[in-house]
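Here's the structure, in structure tokens; my notes come after.
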Amino acid sequence: MSDVNLPPLPAVGGETPGRSIVDLIAQQHRELLGLTDRLAEAPDDPDVASVLVATLSRHLCAEEQYLYPAIRTAVPGGEQIADRELAEDQAILERLRDLERTGSGRGDLAEAVRRHVAADAEELLPLLEQMVPAEDLVRLGNRFATAEEAAPTRPHPATPSTPPWNKVVDPIVGVADKFRDVISSRTTYVSDL
């Protein structure tokens, strides 16, 4: 029985298909660090800033929906760890909003992203790997990837950051953001740079 409290997925050949949430987050962290470096090299490139805002907004939203609840449930002391990370994510969302509105705070944002990546890589993800069965990590990865695609592409620090409300509100806000992105021809994916 899983400690993460996930509904079962249909069995496919005896193994759950997909990638572990740990692998997905590590890959996204590399992408986010690359984007912050790229923005530092080209601070006046609106497309790089836009992609960083969208990628980081989606990433944080998916972490709030699946990573932190899993930490709360499966890791001893997980409540405090998740609360600390949520507070740091809130600060990142506010920096993102400033970057999007005024173009300011690039250095502060880059440092906050580096701290976020380090905290996940050094503490959260290793704890999760120790405490959660591999198949559940894949299930979490599948849900994380789906949540990320439905997530907002802009920072919304005032929306709920914990389940169940974030799982209801974020996809709705995400649709509105994506509609605005299409109308404004906003670049939101690294592959479009």
Side-chain angles (χ1 to χ4, degrees), residues 19-68 71 81-129 141 144-159 161 166 170 173-174 176-193:
R19 294 179 57 203
S20 162
I21 190 171
V22 173
D23 295 339
L24 287 172
I25 290 174
Q27 175 190 355
Q28 289 178 0
H29 285 166
R30 288 188 296 274
E31 188 174 83
L32 288 167
L33 291 172
L35 283 168
T36 58
D37 291 345
R38 201 164 168 180
L39 187 60
E41 294 166 5
D44 296 327
D45 188 335
D47 288 340
V48 173
S50 178
V51 169
L52 176 59
V53 168
T55 302
L56 191 50
S57 295
R58 287 189 302 261
H59 174 78
L60 294 175
C61 177
E63 283 191 344
E64 289 172 357
Q65 288 184 27
Y66 289 100
L67 176 63
Y68 302 144
I71 292 290
I81 295 169
D83 288 345
R84 180 192 70 217
E85 293 303 313
L86 282 169
E88 289 183 14
D89 288 1
Q90 182 70 21
I92 291 173
L93 287 171
E94 290 170 6
R95 285 185 178 101
L96 277 178
R97 186 181 55 201
D98 292 344
L99 175 63
E100 188 177 49
R101 288 181 179 171
T102 66
S104 66
R106 285 177 172 82
D108 290 343
L109 178 61
E111 183 57 34
V113 169
R114 282 191 283 280
R115 277 194 315 270
H116 171 83
V117 167
D120 282 5
E122 294 167 9
E123 183 181 17
L124 270 64
L125 299 179
L127 282 171
L128 203 60
E129 281 185 308
F144 184 91
T146 300
E148 187 181 37
E149 279 308 309
T153 58
R154 299 169 192 272
H156 297 280
T159 60
S161 60
N166 64 344
D170 287 344
V173 174
D177 281 357
K178 288 170 180 70
F179 183 72
R180 287 176 59 198
D181 295 341
V182 168
I183 288 174
S184 65
S185 300
R186 180 173 177 243
T187 306
T188 59
Y189 286 94
V190 173
S191 59
D192 295 332
L193 287 176

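Model, not experiment: these values are computed from the prediction. Heavy atoms only: backbone and side chains are in, while hydrogens, waters and symmetry mates are out.
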Side-chain touch Pro155/Val53, heavy atoms, less than 4.5 angstrom: yes
Under 3.5 Å, is there a donor-acceptor pair between the side chain of Arg186 and the main chain of Thr153? yes
Nearest heavy atoms of Ala145 and Leu24, plus distance in Å: CB-CD1, 4.2 Å
Heavy-atom side-chain contact between Asp47 and Asp192 under 4.5 Å: no
Check step by step if side-chain contact (heavy atoms from CB on, under 4.5 Å) holds for Glu111 and Thr36. CA-CA 9 Å; Glu111 183 57 34; Thr36 58; over 6 Å; no
Ion pair check, Glu94 and Arg97, cut-off under 4.0 Å: no
Verdict with reasoning, Glu148 to Tyr66, per side-chain contact (heavy atoms from CB on, under 4.5 Å): CA-CA 10 Å; Glu148 187 181 37; Tyr66 289 100; over 6 Å; no
Taking all atoms of both residues into account, what is the closest heavy-atom pair of Phe144 and Glu63, and its distance? CE1-N, 3.4 Å
Check the side chains of Asp181 and Thr188 for a donor-acceptor pair under 3.5 angstrom, ignoring hydrogens and angles. no
pair Val113-Leu35: side-chain heavy atoms closer than 4.5 Å: no
When you measure from the side chain of Ser50 to the backbone N and O of Thr187, does any donor-acceptor pair fall under 3.5 Å? yes
One thing to verify: whether Arg115 and Glu88 come together as a salt bridge, which I'm taking to mean a side-chain N less than 4.0 angstrom from a carboxylate O. no
Work out which heavy atom in Gln90 is nearest to a heavy atom in Pro157; give both atom names and the distance. NE2-O, 2.9 Å
State the CG-CG distance between Leu99 and Asp108, to the nearest 0.5 angstrom. 11.0 Å
Determine whether Val48 and Val51 satisfy the following criterion, side-chain contact (heavy atoms from CB on, under 4.5 Å), listing intermediate values before the conclusion. CA-CA 5 Å; Val48 173; Val51 169; 5.9 Å; no
Should Leu109 and Ile92 count as side-chain neighbours, where that means a heavy-atom distance under 4.5 Å? yes
Report yes or no: does Glu64 contribute a side-chain atom to a donor-acceptor pair with the main-chain N or O of Leu86 at less than 3.5 Å? no
Test item: Asp89 side-chain N/O and Leu60 main-chain N/O as donor-acceptor pair under 3.5 Å: no
In short, Leu67 meets Leu128 closest at the heavy-atom pair CD1-CD2, 3.6 Å
Going through the distances and angles, do Arg114 and Leu33 end up as a side-chain contact (heavy atoms from CB on, under 4.5 Å)? CA-CA 7 Å; Arg114 282 191 283 280; Leu33 291 172; 3.7 Å; yes
